[in-house]
Every structure is written in C-alpha cells, then in structure tokens.
Amino acid sequence: MEFVLGLESPFSLDYTLESGQVFRWENRGEWWYGVLPMGVIKVKQEADSIRCVSSSESMDGAFVRSYFRLDEQLEPILASIMKDSTMASAVQRFYGLRLIRQEFWECLASFLLATNANIPRIKKMVSSVCSTFGDPTEFEGLKYFRFPPPERLAEAQVAELRECGLGYRAPFLRRVAESVSSGAVDGGEIELKNYEQAHSALLKVFSGEKLLLGVGPKVADCVLLYSCGKDDAFPIDVWVARELADSYPRLVDPSVLKKLSREHGGKLTYREYADLSRAARGYFGPYSGYAQQYLYMYGRVRDQ
DNA sequence: TAGCAGGAAAATC
DNA sequence: GATTTTCCTGCT
C-alpha cells in the first residue's frame with residue numbers, strides 16, 4: 001500500500017537511517033528500502049512529508065508513525081539535551097535525527113553481532129543470517145529475506161551460523177536465540193522496568209549467572225535504547241567514549257581520560273563503563289539516549 | 001583486575 | 001600490500 005505522512009515535527013530520514021541504529025535499510029536512489037518483521041517498505045522524504053510504499057496492509061501510516069516515533073515532538077527533547085556548545089553543534093549538524101523503535105529480538109541479535117565489527121560488516125552478517133534462515137518475501141518483483149524468528153536460530157547448527165561469517169559470535173547468537181525462544185528473556189517484561197532494573201535484568205549478572213553470553217553493558221544499553229523505550233540509556237562505544245574524553249573531560253575519571261587518549265586506545269572495564277555511563281546520564285538527563293546518538297554522529301564526522 | 005583472544009572486513013597507511 | 005581499526009565480551 002502507498003501513503004503519505006505529513007510531518008509536524010523535525011525529521012531527517014537520512015540522518016536517522018545512517019546513524020547506526022538499524023542494519024536492514026538500504027539507500028537506492030531517492031528511496032530507502034527496509035526489511036522489517038512485517039514485510040518490506042520503501043520510504044522517501046519530501047518537503048513536509050514522507051512517502052511510503054509497503055508490501056502489506058499492516059504496514060500503514062500508524063505503523064510508520066510509531067516506528068519512526070513521529071508522534072513525539074523532537075524540539076523539547078533536543079532542547080533538554082542542549083546543555084553546552086558541543087551538543088548544540090551536534091544537534092545543529094544532524095538536526096532531525098530521531099531514535100527508531102525497533103523489534104526486540106532482531107535488535108538484540110543484531111547488536112550481539114556488532115562486537116569488533118564496523119557497520120558494513122554488521123550489515124553483511126545480518127543479511128547473511130537472514131538469507132540463510134529467514135523467510136523469503138517479495139516486493140516490487142524482488143526477493144527479500146525477513147529476519148529469522150528466535151525459534152529458527154535456536155535450532156540452527158552453530159556451524160551453519162559460522163558459515164554466515166559470524167566467527168566467534170556464532171555460539172553466542174545461538175544461546176541468545178534459545179534464551180529468547182524459551183521466554184527466559186522477554187522484551188515486554190524488560191520494557192516495564194526502569195532503566196537500572198532493565199539493564200541488570202538484561203545482563204543477568206546477579207548471582208554470577210550469565211544467561212546471555214555475548215551481551216555486555218554496551219550491547220544491553222543499545223537494546224534498551226533502540227527497542228525497549230529507555231530514552232535515558234547511554235551506550236558508550238569507542239566513538240562516544242572519545243567524544244566524551246575530548247569534549248566532556250569533567251564527566252570522565254582522570255585515569256580513564258588518560259586511557260582514552262588516542263595513543264593508548266584503551267578499553268573500558270565494566271566498572272569504568274558503568275561510572276562513565278552514570279555520569280553522562282546524570283548530565284544529559286531523561287533523553288540521554290538522544291544526546292548519545294547525536295554525539296556518535298558528530299564524533300564520526302569530526303574524525304574524518 | 002589486567003591482559004588477551006577472538007575472526008574478518010573495512011579503513012588507513 | 002601490510003597494518004590498524006572496527007558501535008566488545010568472556011576467559012584466565
């Protein structure tokens with residue numbers, strides 16, 4: 001079905017889809033093509049609206065509005081995070097960038113694969129898992145593969161997953177698929193908790209039991225922010241860590257600051273990550289996740 | 001708690 | 001063409 005959505009609040013389709021939140025969108029000409037759990041959709045930004053063509057009736061205006069969170073007013077959110085000149089520049093540079101509301105399982109699995117990889121590589125791994133295990137679907141005469149359900153990957157051979165180029169991530173993905181498939185990990189339950197509770201629930205670090213192998217604090221924060229509605233989550237990857245060290249040194253512990261300088265390129269320990277995340281969340285407030293997303297994009301263009 | 005391996009592709013030199 | 005980096009986590 002085809003439809004047009006009017007935009008009442010700032011939105012940049014390009015910045016949003018290029019900001020590393022999602023891995024199943026592809027830019028072809030003036031359209032963005034996305035493979036989502038319900039089917040395939042293409043979207044194009046126009047003057048004061050976005051035009052959409054989707055493969056199923058269930059992907060309608062209400063769905064797209066909810067997916068891109070277009071009912072929420074962006075200005076007050078941005079106003080709340082612009083506490084200094086760095087964030088003001090980042091917001092100005094990527095004005096209209098929004099957080100997307102993703103499906104829990106696909107988000108968790110995708111960011112599990114994201115360790116030690118760059119975005120093109122992550123897209124390749126996800127795409128390979130989909131074409132190997134996902135259900136085919138057709139759109140405009142072309143074949144696409146949906147992201148496989150957790151049950152499907154729970155019964156996959158680790159060797160088959162490895163063939164998708166996942167390397168050491170293969171056994172992790174299978175374990176996580178089992179956990180989600182069995183209901184041991186439930187996105188809906190996590191959504192009801194506050195950030196702190198949700199984060200530790202996802203990590204299952206209590207009693208030293210690691211249910212979700214391959215999911216550390218950073219991946220957990222990505223999942224909470226992108227799929228569980230925790231706008232105050234603040235994932236810290238290498239880019240955000242550098243940007244914090246460069247532009248927000250007072251939020252960073254001196255010893256960690258030294259560690260993060262370009263020469264050392266050190267990695268954060270679990271405790272250092274927790275401390276830095278808490279400091280950033282305290283500073284930026286309830287919409288820290290938006291601050292993180294703008295900072296990520298800003299850090300990447302500044303480095304080039 | 002610090003150090004290291006893990007795997008492969010992209011970015012950089 | 002070789003080296004470094006890449007939206008990190010688990011194990012020792």
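We name chains A, B, ... by the order of the sequence lines, and we start the count at 1 in each one.
- A ring pair (Phe, Tyr, Trp, His ring centres under 6.0 Å) check over residues 72-115 of chain A, counting only residues at least two apart or in different chains, returns the pairs A:Tyr15-A:Phe94, A:Phe23-A:Phe111, A:Trp105-A:Phe147, A:Phe111-A:Tyr226.
- Counted by atom type alone, A:Asp253 and A:Ser255 present one or more donor-acceptor pairs between their side chains at under 3.5 Å.
- The side chain of A:Tyr296 lies closest to C:dC7 when the candidates are B:dA5, C:dC7, B:dA2.
- When the P atom of C:dT4 is taken as reference, atom CZ of A:Arg242 falls 15 Å away, rounded to whole Å.
- Helical stems of DNA chain B (runs of at least 3 Watson-Crick or G-U pairs, donor-acceptor distances under 3.5 Å) are listed by first residue: B:2-6 with C:8-12, B:8-13 with C:1-6.
- Among residues two or more places apart in sequence or in another chain, the salt bridge (charged side-chain N to carboxylate O under 4.0 Å, His left out) test is passed with A:Arg281 by A:Glu196, A:Asp232.
- Of all the residues in residues 97-131 of chain A, A:Ala114, A:Thr115, A:Asn116, A:Ala117, A:Asn118, A:Ile119 reach under 4.0 Å from DNA chain C with at least one non-hydrogen atom.
- Heavy-atom neighbours of A:Glu72 CD from other residues, nucleotides or ligands within 6.0 Å: above the threshold of 12.
- Annotation: proximity of residues 16-25 of chain A to DNA chain C (heavy atom, distance under 4.0 Å) is found for A:Ser19, A:Gly20, A:Gln21, numbered in ascending order.
- Rounded to whole angstrom, the span from the CZ atom of A:Arg271 across to the C1' atom of C:dT9 amounts to 18 Å.
- Nucleotide C:dC7 holds its P atom 15 Å from the OH atom of A:Tyr273, rounded to whole Å.
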Would you list the atom pairs, donor with acceptor, under 3.5 Å between side chains in residues 134-145 of chain A and any protein atom, with sequence neighbours excluded?
unit_1: A:Glu140; atom_1: OE1; unit_2: A:Tyr33; atom_2: OH; d: 3.4
unit_1: A:Glu140; atom_1: OE2; unit_2: A:Lys42; atom_2: NZ; d: 2.8
unit_1: A:Tyr144; atom_1: OH; unit_2: A:Arg28; atom_2: NH2; d: 2.8

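- The P atoms of B:dA5 and C:dT4 are separated by 15 Å, rounded to the nearest whole Å.
- Against DNA chain B, the stretch residues 161-174 of chain A makes heavy-atom approaches under 4.0 Å through A:Arg162, A:Gly167, A:Tyr168, A:Arg169.
- Clustering of Ile, Leu, Val, Met, Phe, Trp and Tyr side chains at separations under 4.5 Å leaves A:Leu192 isolated, with no partner residue.
- Rounded to whole angstrom, the span from the NZ atom of A:Lys267 across to the P atom of B:dG6 amounts to 13 Å.
- Annotation: B:dT1 and C:dG10 have their C1' atoms spaced 14 Å apart (nearest Å).
- Checked by atom type, the side-chain pair A:Ser19/A:Arg98 shows no donor-acceptor distance below 3.5 Å.
- Scanning residues 212-224 of chain A for heavy-atom distances under 4.0 Å to DNA chain B yields an empty list.
- Environment of CZ in A:Arg271: sparse, with no more than 12 heavy atoms of neighbouring residues, nucleotides or ligands closer than 6.0 Å.
- For the pair A:Arg175 CZ and C:dG10 P, the interatomic distance rounds to 11 Å; values are reported in whole Å.
- At C:dT6, none of the side-chain N or O atoms of A:Arg300 fall inside 4.0 Å of OP1 or OP2 (strictly under the cut-off).
- Distance noted for atom P between B:dA10 and C:dT9: 22 Å (whole Å).
- Across B:dT12 and C:dC8, the matching P atoms stand 16 Å from one another, rounded to whole Å.
- Here the side chain of A:Glu103 pairs a donor or acceptor atom with the backbone of A:Glu106 at under 3.5 angstrom.
- A:Val4 forms part of no hydrophobic cluster, judged by ILVMFWY side-chain heavy-atom separations under 4.5 Å.
- Ring geometry for A:Tyr287 against A:Tyr290 counts as perpendicular: the plane angle is over 60°, on a 0 to 90° scale with 30° as the lower cut.
- Counting non-hydrogen atoms of other residues, nucleotides and ligands closer than 6.0 Å to CG of A:Asp48 gives a total of 12 or fewer.
- Side chain to side chain, A:Tyr283 and A:Ser288 fail the donor-acceptor criterion of an N or O pair below 3.5 Å.
- Between A:Phe11 and A:Phe68, the ring planes are tilted. Angles from 30° to 60° get that label.
- Applying the side-chain hydrogen bond (donor to acceptor under 3.5 Å, both in side chains) test to pairs two or more places apart or on separate chains, those with a residue in residues 172-184 of chain A are A:Arg174-A:Glu178.
- Between A:Gln21 and A:Thr16 there is a side-chain heavy-atom pair separated by less than 4.5 Å.
- Using atom C1' as the reference point in both C:dC7 and B:dA2, the two lie 23 Å apart (nearest Å).
- Counting only residues at least two apart or in different chains, ring pair (Phe, Tyr, Trp, His ring centres under 6.0 Å) contacts with residues 177-200 of chain A comprise A:Tyr195-A:His199.
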